[in-house]
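Below: one structure, written as structure tokens.
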Amino acid sequence: MKNKTPAVGGICESLQGRDKNRFYIISAVNADGSLLVVDGNFKKFASPKKKNIKHVRLLPETAETIGEKLLNGDKVFDSEVYSALKTYNCPQTETDGVDKH
């Protein structure tokens, strides 16, 4: 099932631009239909990336704890965001853990 409505704390994948195929967490949804996204590594909360909704693919997964903190106005650390997206942005290769001798 496709997720059509962006929500704070939702996970999305960039489809356009030099950050194509990079995953982000939505930190804000603007009235003009654009999103402010962060990944905790290259784009931090101090300077979120503005993305057009048409240029992202919304995933059905969400980062619930981060979304709740953002909605409540609590402090969210970039390391939390990075950890939540680590499985998306740094997938394990099948050779990990194999001795290469």
Side-chain angles (χ1 to χ4, degrees):
M1 181 175 134
K2 284 191 171 183
N3 187 1
K4 297 283 185 186
T5 309
V8 173
I11 298 174
C12 64
E13 177 184 14
S14 174
L15 300 176
Q16 297 288 319
R18 58 179 74 164
D19 64 342
K20 184 177 179 180
N21 299 327
R22 188 123 187 103
F23 291 88
Y24 294 99
I25 290 181
I26 300 170
S27 64
V29 181
N30 295 331
D32 64 353
S34 63
L35 307 173
L36 293 179
V37 295
V38 294
D39 70 354
N41 189 17
F42 299 109
K43 284 297 170 185
K44 301 185 180 200
F45 277 103
S47 61
K49 182 164 185 66
K50 185 176 181 181
K51 292 292 281 184
N52 188 325
I53 185 74
K54 296 176 185 176
H55 297 166
V56 297
R57 180 175 65 97
L58 300 172
L59 281 90
E61 294 91 9
T62 60
E64 294 176 13
T65 56
I66 294 172
E68 287 176 16
K69 282 184 171 185
L70 288 170
L71 291 174
N72 292 336
D74 295 339
K75 176 84 172 147
V76 178
F77 296 98
D78 291 316
S79 58
E80 293 176 86
V81 175
Y82 181 76
S83 295
L85 293 174
K86 193 170 188 174
T87 57
Y88 296 99
N89 285 328
C90 303
Q92 297 287 331
T93 60
E94 54 189 71
T95 59
D96 283 352
V98 176
D99 191 19
K100 297 180 181 180
H101 287 97

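The two residues Ser14 and Val56 come nearest to each other via the heavy atoms CA-CG1, 4.4 Å. Closest non-hydrogen pair, Lys75 versus Lys69, comes out as O-CD, 3.9 Å. Between Lys51 and His55 the shortest heavy-atom distance is CE-O, 4.2 Å. Ile26 and Pro6 make their closest contact through CD1-CB, 4.1 Å (heavy atoms, listed as atom of the first residue, atom of the second, distance). Looking at every heavy atom in both residues, Val8 comes nearest to Ser27 through CG1-O, 3.9 Å. Looking at every heavy atom in both residues, Phe23 comes nearest to Asp39 through O-CB, 3.7 Å.
Separation of atoms CD1 (Ile11) and CG (Leu85) is listed at 5.5 Å; rounding is to 0.5 Å. Remark: Ser79 OG to Asn41 CG distance equals 11.5 Å, nearest 0.5 Å. Rounding to the nearest 0.5 angstrom, the gap separating the OH atom in Tyr88 from the OH atom in Tyr24 is 15.5 Å.
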Determine, stepwise, if the pair Leu70 / Phe45 fulfils side-chain contact (heavy atoms from CB on, under 4.5 Å).
CA-CA 11 Å; Leu70 288 170; Phe45 277 103; 3.7 Å; yes
If you apply the rule side-chain contact (heavy atoms from CB on, under 4.5 Å), what do you find for Arg22 with Val37, and how did you get there? CA-CA 11 Å; Arg22 188 123 187 103; Val37 295; over 6 Å; no
Practice task
Give the intermediate values and the outcome of side-chain contact (heavy atoms from CB on, under 4.5 Å) for residues Val29 and Thr5.
Solution key: CA-CA 10 Å; Val29 181; Thr5 309; over 6 Å; no
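For Lys86 and Tyr82, the positive end is not near the middle of the six-membered ring at less than 6.0 Å and at most 45° from its axis.
Under the 4.5 Å side-chain heavy-atom criterion for ILVMFWY residues, a single connected hydrophobic cluster contains both Leu59 and Val81. Residue Val38 is not grouped with residue Leu15 when hydrophobic side chains (ILVMFWY) are merged at heavy-atom distances under 4.5 angstrom, including chains of intermediate members. Under the 4.5 Å side-chain heavy-atom criterion for ILVMFWY residues, a single connected hydrophobic cluster contains both Leu71 and Ile66.
Judged purely by atom type and a 3.5 angstrom limit, Asn52 uses its side chain to pair as donor or acceptor with the backbone of Lys54.
Comment: Asp19 does not engage Lys43 in a salt bridge, judged by the lack of any side-chain N to carboxylate O separation of less than 4.0 angstrom.
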